[in-house]
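Got a structure for you, written out below as structure tokens; questions coming shortly.
Any value given below was found using the heavy atoms of this structure, including those in side chains, with hydrogens, waters and symmetry copies removed.
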Amino acid sequence: MTKGPVRVLVVDDHAVVREGIRHVLVESEGFEVVAEADGATDPVAVAEQHDPDVVVLDVNMPGESGLKIAARFRERRPGTRILMLSMHDQAEYVLGAVRAGAHGYLLKDAGPAELREAVRAVYEGGEFFSPSVADRLSAALRGEFEEAQQSGPLREITAREREVLVEIADGKTNKQIAAALGISPRTVETHRESLMRKLDIRTVAGLTRFALDCGIARTD
């Protein structure tokens, strides 16, 4: 059976923006704008009436924000794919959209071909982020990971203990670690005991697993 066009709901409080998106999509085969919403009506209720595959949703809606609307879609219509549309590429907006359940984030200065590509990508089960947005998202996620490391159990250990932990996870003996770090085997043993006490881990296998879980063990 031949697939029908991608059914799209456009949610934006500016009529000219909605008309522009509609024009870009319907001028190309494979897309159908089944409904529009401007914030005066509940977009989720509109979706329940028209059953779109993809919702193109403005981040900055009057009243209830686009992020809150996206979260309600996730709760009430988890099968509907969400593409956020925004003028903002700051990391907090992008992370907020991802946490709300969006599958893509497109800047409003994107060209027609990029808009169609984005709608198609999220419809097919993938994700789509404008290039500058993808860079900011990656940097923000790295920052969150590093912050989590600093605020978690790793915060309790010293820089030297961390070096010893990496070597332990690499399967080295106390003598090998001592040679690698330029310290005595007895000092290595002291650091090992301190690691086990601070992390409440009693075995080398447990230390190795901890290092792997924290992403500090060598994997090459």
Practice problem: Could you check Thr187 against Thr190 for side-chain hydrogen bond (donor to acceptor under 3.5 Å, both in side chains), going step by step and ending with a plain yes or no? | Solution: CA-CA 5 Å; Thr187 300; Thr190 299; 5.8 Å; no

Practice problem: Write down the atom of Leu83, the atom of Gly104, and the distance for their closest heavy-atom approach. | Solution: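 Residues Leu83 and Gly104, closest heavy atoms: CD1-C, 3.6 Å.
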
Self-check item: Pairwise distance CG(Leu25) to CD(Glu32) - rounded to 0.5 angstrom
Solution: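 So the CG of Leu25 and the CD of Glu32 are separated by 11.0 Å.
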
Quiz item: To the nearest 0.5 Å, how far apart are NE2 in His191 and NZ in Lys198?
Solution: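 NZ of Lys198 is found 9.5 Å from NE2 of His191.
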
Quiz prompt | Presence of salt bridge, Arg116 and Glu27, under 4.0 angstrom | solution =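 Result for this pair is yes, salt bridge flagged.
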
Quiz item: Is it true that a side-chain atom of Arg99 and a backbone atom of Val94 form a donor plus acceptor pair closer than 3.5 Å?
Solution: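 No, because the side chain of Arg99 does not come within donor-acceptor range (under 3.5 Å) of the backbone of Val94.
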
Practice problem: Please lay out, stage by stage, how Glu114 and Ser130 fare under the test side-chain contact (heavy atoms from CB on, under 4.5 Å). | Solution: CA-CA 8 Å; Glu114 190 175 5; Ser130 293; 3.6 Å; yes

Quiz item: Should Leu207 and Leu165 count as side-chain neighbours, where that means a heavy-atom distance under 4.5 Å?
Solution: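 Heavy-atom side-chain distance check passes, below 4.5 Å.
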
Practice problem: Inspect the contact between Asp200 and Arg202 and indicate whether a charged nitrogen and a carboxylate oxygen are less than 4.0 angstrom apart. | Solution: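 Yes, this pair counts.
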
Exercise. Start with the C-alpha distance between Tyr93 and Ser86, add both sets of side-chain angles, then the distance that settles side-chain hydrogen bond (donor to acceptor under 3.5 Å, both in side chains), and finish with yes or no.
Key: CA-CA 9 Å; Tyr93 282 96; Ser86 178; over 6 Å; no

Exercise. Determine, stepwise, if the pair Arg76 / Glu48 fulfils side-chain contact (heavy atoms from CB on, under 4.5 Å).
Key: CA-CA 9 Å; Arg76 292 171 54 181; Glu48 289 173 342; 3.2 Å; yes

Quiz item: Quick one: are Val6 and Val119 in side-chain contact, heavy atoms under 4.5 Å?
Solution: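 A side-chain contact exists here, since the closest heavy-atom pair is under 4.5 Å.
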
Quiz item: Does NZ or CZ of Arg120 fall inside the cone over Phe31's six-membered ring, less than 6.0 Å from its centre and within 45° of the axis?
Solution: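 The answer is yes, since Arg120 meets both limits relative to Phe31.
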
Quiz item: Does a salt bridge link Asp51 with Arg77, judged by any charged N lying under 4.0 Å from a carboxylate O?
Solution: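 Salt bridge: yes.
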
Quiz item: Is Tyr123 reachable from Phe73 through a run of hydrophobic residues whose side-chain heavy atoms are each under 4.5 Å from the next?
Solution: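 Result: no, two separate clusters.
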
Self-check item: Working for salt bridge (Lys or Arg N to Asp or Glu O under 4.0 Å), residues Asp42 and Arg72
Solution: CA-CA 10 Å; Asp42 180 5; Arg72 289 202 295 114; 2.7 Å; yes

Quiz item: Are Val16 and Val56 connected in the hydrophobic side-chain network, where two residues link if heavy atoms are under 4.5 Å apart?
Solution: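 The answer is yes; both residues are in one hydrophobic cluster.
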
Quiz item: Are His88 and Asn60 close enough, and set up right, to give a side-chain hydrogen bond (donor to acceptor under 3.5 Å, both in side chains), and what steps lead you there?
Solution: CA-CA 9 Å; His88 307 287; Asn60 295 109; 3.2 Å; yes

Quiz prompt | Evaluation steps, side-chain contact (heavy atoms from CB on, under 4.5 Å), between Val17 and Asp58 | solution = CA-CA 10 Å; Val17 174; Asp58 186 13; over 6 Å; no

Quiz prompt | Val33/Val26 under side-chain contact (heavy atoms from CB on, under 4.5 Å): CA gap, chis, key distance, verdict | solution = CA-CA 7 Å; Val33 176; Val26 301; 4.1 Å; yes

Quiz prompt | Heavy-atom pair with the smallest gap, counting every atom of Asp53 and Pro5 | solution =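 So the minimum-distance heavy-atom pair works out to OD2-O, 3.9 Å.
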
Quiz item: So, do Ile21 and Leu85 sit near enough that their side-chain heavy atoms are less than 4.5 Å apart?
Solution: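 Yes; the side chains approach each other to less than 4.5 Å.
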
Self-check item: Shared hydrophobic cluster for Val98 and Ile82 (ILVMFWY, side-chain gaps under 4.5 Å)
Solution: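 Same cluster.
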
Quiz prompt | Side chain proximity check, Pro112 to Glu117, heavy atoms < 4.5 angstrom | solution =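 In short, these two side chains do not touch, never coming nearer than 4.5 Å.
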
Self-check item: Nearest non-hydrogen partners of Phe210 and Ile201, listed with the distance
Solution: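 Smallest interatomic distance, heavy atoms only, reads CB-CD1, 3.7 Å.
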
Quiz item: Given side chains that start at C-beta, do those of Glu161 and Arg192 come closer than 4.5 Å, heavy atoms only?
Solution: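 They are not in side-chain contact.
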
Practice problem: Report yes if some heavy atom in the side chain of Leu57 is under 4.5 Å from a heavy atom in the side chain of Ile69; otherwise report no. | Solution: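 Side-chain contact under 4.5 Å: yes.
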
Practice problem: For the pair Glu163 and Arg160, find out whether any cationic side-chain nitrogen is under 4.0 Å from an anionic carboxylate oxygen. | Solution: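 Answer for the salt bridge query: yes.
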
Quiz item: Under the 3.5 angstrom rule, does the side chain of Asp12 hit a backbone N or O of His14 as a donor-acceptor pair?
Solution: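 Yes, because the side chain of Asp12 sits within donor-acceptor range (under 3.5 Å) of the backbone of His14.
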
Quiz item: Can you find a heavy atom in the side chain of Leu67 that is under 4.5 Å from one in the side chain of Met84?
Solution: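 Yes, side chains in contact.
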
Quiz item: Atom CD of Glu189 and atom CG of Asn174: how far apart are they, to the nearest 0.5 Å?
Solution: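 Glu189 atom CD to Asn174 atom CG measures 5.0 Å (nearest 0.5 Å).
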
Quiz item: When you look at CZ of Arg209, are more than 12 heavy atoms from neighbouring residues, nucleotides or ligands closer to it than 6.0 Å?
Solution: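 Not buried by this count: 12 neighbours or fewer within 6.0 Å.
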
Practice problem: Could you state whether Val166 and Leu199 fall into the same hydrophobic cluster, counting links through intermediate Ile, Leu, Val, Met, Phe, Trp or Tyr residues with side-chain heavy atoms under 4.5 angstrom apart? | Solution: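 Yes, one cluster joins them.
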
Quiz item: If every non-hydrogen atom of Ala178 is compared with every non-hydrogen atom of Ser184, which pair is closest and at what distance?
Solution: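 It is CB-C, 3.7 Å.
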
Self-check item: Short N-O contact, Arg22 and Glu36, less than 4.0 angstrom
Solution: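 Counted as a salt bridge, because a side-chain N and a carboxylate O are separated by less than 4.0 Å.
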
Self-check item: Pairing of Arg81 and Glu124 as salt bridge, 4.0 angstrom limit
Solution: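 No, Arg81 and Glu124 are not salt-bridged.
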
Quiz item: Taking side chain as C-beta onward, heavy atoms only, is Leu115 less than 4.5 Å from Leu106?
Solution: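 Answer yes - side chains close enough.
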
Quiz item: Is there a chain of hydrophobic side chains (I, L, V, M, F, W, Y, each step under 4.5 Å between heavy atoms) that links Val204 to Ile177?
Solution: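 Val204 and Ile177: one cluster.
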
